[in-house]
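Structure, as structure tokens:
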Amino acid sequence: MSVYLDYNASAPIDERVLEVMIDVYKNAIGNADSRTHNFGENARKIVENAREQIASLLNVDKGEVFFTSGSTESNNIAIQGLKEYALKTGKTHIITTTIEHKSVLETAKYMQRNGFTVDFVPPEPSGRVNEQALFDKIQKDTLLVSVMHANNETGIIQPVKEIGDFLAGKDILFHIDATQTCGKLVPEIKGLKYNMLSLSAHKLSGPQGVGALILRKKRYKLPPVKQIIFGGQQERGIRPGTIPVALVAGLGKACQLAENEYQENIQNCREIKKDILGLLNKSKLKIEVNGEPNFCMPNTLNISIKGIESEALMLSTKDFCGISNGSACSSSDYKPSYVLSSMKLDNDRISQAVRLSWGGKSDKEKILEDLTLLIKRAEDLVF
Ligand code: PMP
């Protein structure tokens, strides 16, 4: 495969992250929670250094960073972890959106089956949820609002700033799934108000299988989440299980690189998008961009090509191009995208939708070269 355009599914690991991880695997044996020898202490130092790197990227306190296996787990803890508190307070209403990742949607449905009420707010055709429509759902017993920062399929940035500002000071918890924006919208995330935030290392050129849940303190107190799996006291009991030191070190390094390089990364992403759109517009293909471009992440483009089923295009370009038509988590059971369906796009447009996503270090020339070939294959399919 020569060109990879599926960064929203998983971004390739940065060489510098890999170097840090190899060094840890080779030279830092031990369990970060072992207290009886220097090996444990050394592993602990590596873990705490990574925690500081994440805290710095997000402008939070290092005591607010909890390591997990990734955003799926972070999202589960943020939602399911509130069960005890909900039972105690009688606050059992959750508001989320219809375009969340499955790890939020399925968890919200699980809560629904267990006595909670959940409102799923749909987006507008722009792909963005209207914050007022969401505020209108607030009830006396609303426990939690959970909204993603940017959607993984469309790249559309959601009004989490407005929601956070509105909820601040109210007795409602706010969780943001920032999987697609962490390390990319760096100053934006620093300026958000929230109680909980999820991230996954592999979306910011770190390793797969590690992430974090950020729990913001309010008057020195963490949000009332409890562990959802039981075991030791690691991560202060919120996430039991041996800390994967090398993975955590990789996540920390990826955060450090993102903090230092996000401006040049975003600039490269913007230029790539401009040039991809230029190429598509020059072609004979009829393209519709899904989601309002003004709200879109610079690294994502979701387009429908008139007359070509996305499955046909992906199969005919599989040998040289890695693109997708949505979330990898839903790809084994092919169904029309629930995200695009919620935006009320027509069925043809949905079945013709493909997602291209790239990263700050992607090679623009290579992408354009391979995209020229993709356009040619697509033109052969239509004309
Ligand atoms: N949320 C969003 C928005 C995502 O894009 C993803 C990954 N596709 C996840 C959560 C889950 O992340 P992970 O698979 O790393 O647990």
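Computed from a predicted model, the values in this text were never measured in an experiment. In each ligand, atom 1 is the first atom listed, and ligand 1 is the first ligand listed.
Under the salt bridge (Lys or Arg N to Asp or Glu O under 4.0 Å) criterion, Asp275 pairs with Lys364, sequence neighbours left out. Listed by chain and residue number, His37 satisfy the ring-ring contact (aromatic ring centres under 6.0 Å, His included) test with Phe39 (two or more places apart in sequence, or in another chain).
With no hydrogens or angles considered, a side-chain donor-acceptor pair links Asp23 and Asn27 at under 3.5 Å.
Residue-level proximity to ligand 1 for Gln208 is absent, since no heavy atom of it falls below 4.0 angstrom.
The shortest side-chain heavy-atom distance between Gln180 and Asn151 does not fall under the 4.5 Å cut-off.
The shortest N or O to N or O distance between Ser103 and ligand 1 is not below 3.5 Å. Some N or O of Ser200 is nearer than 3.5 Å to an N or O of ligand 1, by distance alone. Residue contacts with ligand 1: Asp177 is placed with a nitrogen or oxygen under 3.5 Å of a nitrogen or oxygen of the ligand (distance criterion only).
Across Thr72, Asn8, Leu199, heavy-atom proximity to atom 14 (O) of ligand 1 is greatest for Thr72.
Among Lys203, Lys318, Arg355, the one residue that satisfies the salt bridge (Lys or Arg N to Asp or Glu O under 4.0 Å) test with Asp6 is Arg355.
Listed by number with element, the atoms of ligand 1 under 4.0 angstrom from any heavy atom of Met148 are 3 (C). For ligand 1, the atoms sitting less than 4.0 Å from at least one non-hydrogen atom of His202 are 13 (P), 15 (O), numbered in the order shown with element in parentheses.
Residue Lys203 places a heavy atom under 4.0 Å from ligand 1.
Side chain of Gln352 to main chain of Ser310: no donor-acceptor pair is present (N/O by atom type, distance under 3.5 Å, no hydrogens or angles).
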